[in-house]
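Beneath this line is the structure, given in structure tokens, with notes to follow.
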Amino acid sequence: MKPFKHSLSASSSFVMFMILAMMAFLFFSCGKSNQEALQEITKLKAHQWYYFNHRGFYPVALPQEAPEVAEKPWTEAIRISAAGNNISDNCALVNRLGILDFTSGRPELFRDVMLFDNVTADTLFFTTDGPVFHLYQNTHFNQQSQGYLLTPSYEDSFSRPLLARFDRNQKLCTPVLTYGNMNLPLESQITSIIPQGKKWLGAVKTQKKDVVNFKYITFEALDKDGSIPEASKKIIPTTDIDADTFRQAQRPTPLKDAPILLQQLFAQVPDSFEFYISCREEGKLAQVTYDNTKNQSPAGGYLAQGRGYLSPAGASALFPDGTVYITKSLLTEPSDKNAEGEAAQQQNTGVPVSPSTSGVIAFRLPKLPEGFSYGEFTIQGHTLYASWEETDFYKTARSGFISVDLAAIGKQL
């Protein structure tokens, strides 16, 4: 999840991003000392590293041994920008590359050069019809954006995908909603889109030369069953909303209001360790950001520090330095879990409200070199997949992911 940005120019958006990035670094560093005693799993040899290039992903002994690549703004770099699962799909969204699918129990990349080329893919939703992701262009960092939009193939805004769906059975991505459906000019980008109840909210950025304008809209695009209708040359009615309404929709929820299973992960964590966590709950459309700070942040002034995973079988959280909190039920082989049958019964009702009785354990993923950090993650069966990337403020260089055998860790810790 990215920080909310409300500005009048592209340059001021960049300045705000830099300030928030520095705040995030200082914030996380302060809490890091509380976790230094955690056991690191490197010696357990229960993991495998992978790196990305423009062709796909490949195994590597260590992240720092991945081939060097040129730094790019995070909106333009190959990197995992989102990951998660519902009952039938488990995947990651790889910016500029495609969909990394974990559902089969091993990572499979489905590249889509046409759809992912020259756009930013950074938000992932899980609808009743499968994973859906958001596409836009960052006109500040994407040097080809203006000319690209005016090429003959993009004269029709109905050919510009806004939301696309990944069909695992067909192994392809198809647009389900276009910029033409929103009746927006070619110069406009919906830089952020979020579901709220039965509606969707969007931030629209329009740039003509050096003049940048923002407006905020809401629209109904969901069918009664919660799916998104197939794209067609039909205008979807939109209603303008004010910036404050959009900001309020992005505000974090207090951690005390999170499902008990997620709260339980941090029961032994000192109160002095303040954080935000963006959590994906199995079977839910979008992630929710929870606030565990003493002073609730003002609207728009936050970054999500950690990522969370929540399912009927258990819960987990991952922080950028590799610290993992996880319920012990996720560290056992599926055949050993009493929770498996329970999870099947509860998959239609979501995560149980009572905490797991199996307890919580904390450990650290292999330490990354300076300038590298962990990001999005998901769990498929007894394997945890977590993204890593080499970052310098707003720029990303090398990137990839790590697969971790949770059952092997559970047997040895």
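It should be emphasised that the depicted structure is a prediction, and the values quoted were computed from it without experimental measurement.
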Identify, with sequence neighbours excluded, every residue that meets salt bridge (charged side-chain N to carboxylate O under 4.0 Å, His left out) alongside [X].
{"X": "Glu108", "value": "Arg106"}
{"X": "Glu68", "value": "Arg398"}
{"X": "Asp405", "value": "none"}
{"X": "Lys215", "value": "Asp240"}

Discussion item. Tell me if the CD atom of Glu370 is crowded by more than 12 foreign heavy atoms within 6.0 Å.
Written reply: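 12 or below, so no.
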With no hydrogens and no angle check, is any side-chain donor or acceptor of [X] less than 3.5 Å from a backbone partner on [Y]?
{"X": "Ser188", "Y": "Thr206", "value": "no"}
{"X": "His54", "Y": "Leu97", "value": "no"}
{"X": "Gln189", "Y": "Gln137", "value": "yes"}
{"X": "Gln263", "Y": "Lys256", "value": "yes"}
{"X": "Asp392", "Y": "Lys395", "value": "no"}
{"X": "Asn292", "Y": "Glu274", "value": "no"}

Are the aromatic ring centres of [X] and [Y] under 6.0 angstrom apart?
{"X": "Trp200", "Y": "Phe125", "answer": "yes"}
{"X": "Phe401", "Y": "Phe52", "answer": "yes"}
{"X": "Phe266", "Y": "Phe275", "answer": "yes"}
{"X": "Phe57", "Y": "Tyr51", "answer": "no"}
{"X": "Phe116", "Y": "Phe133", "answer": "yes"}
{"X": "Phe110", "Y": "Phe166", "answer": "yes"}
{"X": "Phe377", "Y": "Phe319", "answer": "no"}

Item to complete: Apply the side-chain hydrogen bond (donor to acceptor under 3.5 Å, both in side chains) test between Lys205 and each candidate in Thr139, Asn213, Thr191; give the one that qualifies.
Response: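 Exactly one candidate clears the test, Thr139.
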Practice prompt. Mind running ring pair (Phe, Tyr, Trp, His ring centres under 6.0 Å) on Tyr136 and Tyr179 for me, showing each step along the way?
Written response: CA-CA 9 Å; Tyr136 73 101; Tyr179 278 83; 8.9 Å; no
Practice prompt. Show your working on side-chain hydrogen bond (donor to acceptor under 3.5 Å, both in side chains) between Asp129 and Thr127 and close with a plain yes or no.
Written response: CA-CA 5 Å; Asp129 293 326; Thr127 72; 5.0 Å; no
Discussion item. Holding to side-chain contact (heavy atoms from CB on, under 4.5 Å), I want the full list of residues that pass it with Glu389, two or more places apart in sequence or in another chain.
Written reply: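 Here the qualifying residues are Arg79, Thr391, Thr396, Ser399.
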Fill in: Salt-bridge criterion met for Glu376 and Arg307 (N-O under 4.0 Å)
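Result for this pair is yes, salt bridge flagged.
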Worksheet item: Taking 4.0 angstrom as the limit, do Arg96 and Glu76 come out as a salt bridge?
Response: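 Result for this pair is yes, salt bridge flagged.
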Looking only at the side chains, is there a donor atom on one of [X] and [Y] sitting less than 3.5 Å from an acceptor on the other?
{"X": "Asp321", "Y": "Thr323", "value": "yes"}
{"X": "Asp291", "Y": "Thr293", "value": "yes"}
{"X": "Ser278", "Y": "Thr289", "value": "yes"}

Distance-only donor-acceptor pairs under 3.5 Å for side chains of residues 88-95, two or more places apart:
| from | atom 1 | to | atom 2 | distance (Å) |
| --- | --- | --- | --- | --- |
| Asp89 | OD1 | Arg168 | NE | 3.0 |
| Asn90 | OD1 | Thr378 | OG1 | 2.8 |
| Asn90 | ND2 | Thr378 | OG1 | 3.4 |
| Asn90 | ND2 | Ile379 | O | 2.9 |
| Asn90 | ND2 | Gln380 | OE1 | 3.0 |
| Asn95 | OD1 | Ala121 | N | 2.8 |
| Asn95 | ND2 | Thr75 | O | 3.0 |
| Asn95 | ND2 | Ala77 | O | 2.8 |

What is the minimum heavy-atom distance between [X] and [Y], and which atoms define it?
{"X": "Pro195", "Y": "Leu285", "value": "CB-CD2, 3.4 Å"}
{"X": "Trp49", "Y": "Pro366", "value": "CZ2-CB, 3.5 Å"}
{"X": "Leu310", "Y": "Pro259", "value": "CD2-CG, 3.5 Å"}
{"X": "Leu365", "Y": "Ala386", "value": "CD1-CB, 4.3 Å"}
{"X": "Leu100", "Y": "Pro107", "value": "CD1-CB, 4.1 Å"}
{"X": "Ser311", "Y": "Leu261", "value": "O-CD2, 3.7 Å"}

Practice prompt. Apply side-chain contact (heavy atoms from CB on, under 4.5 Å) to Asp167 and Cys173, showing your working.
Written response: CA-CA 6 Å; Asp167 187 325; Cys173 300; over 6 Å; no
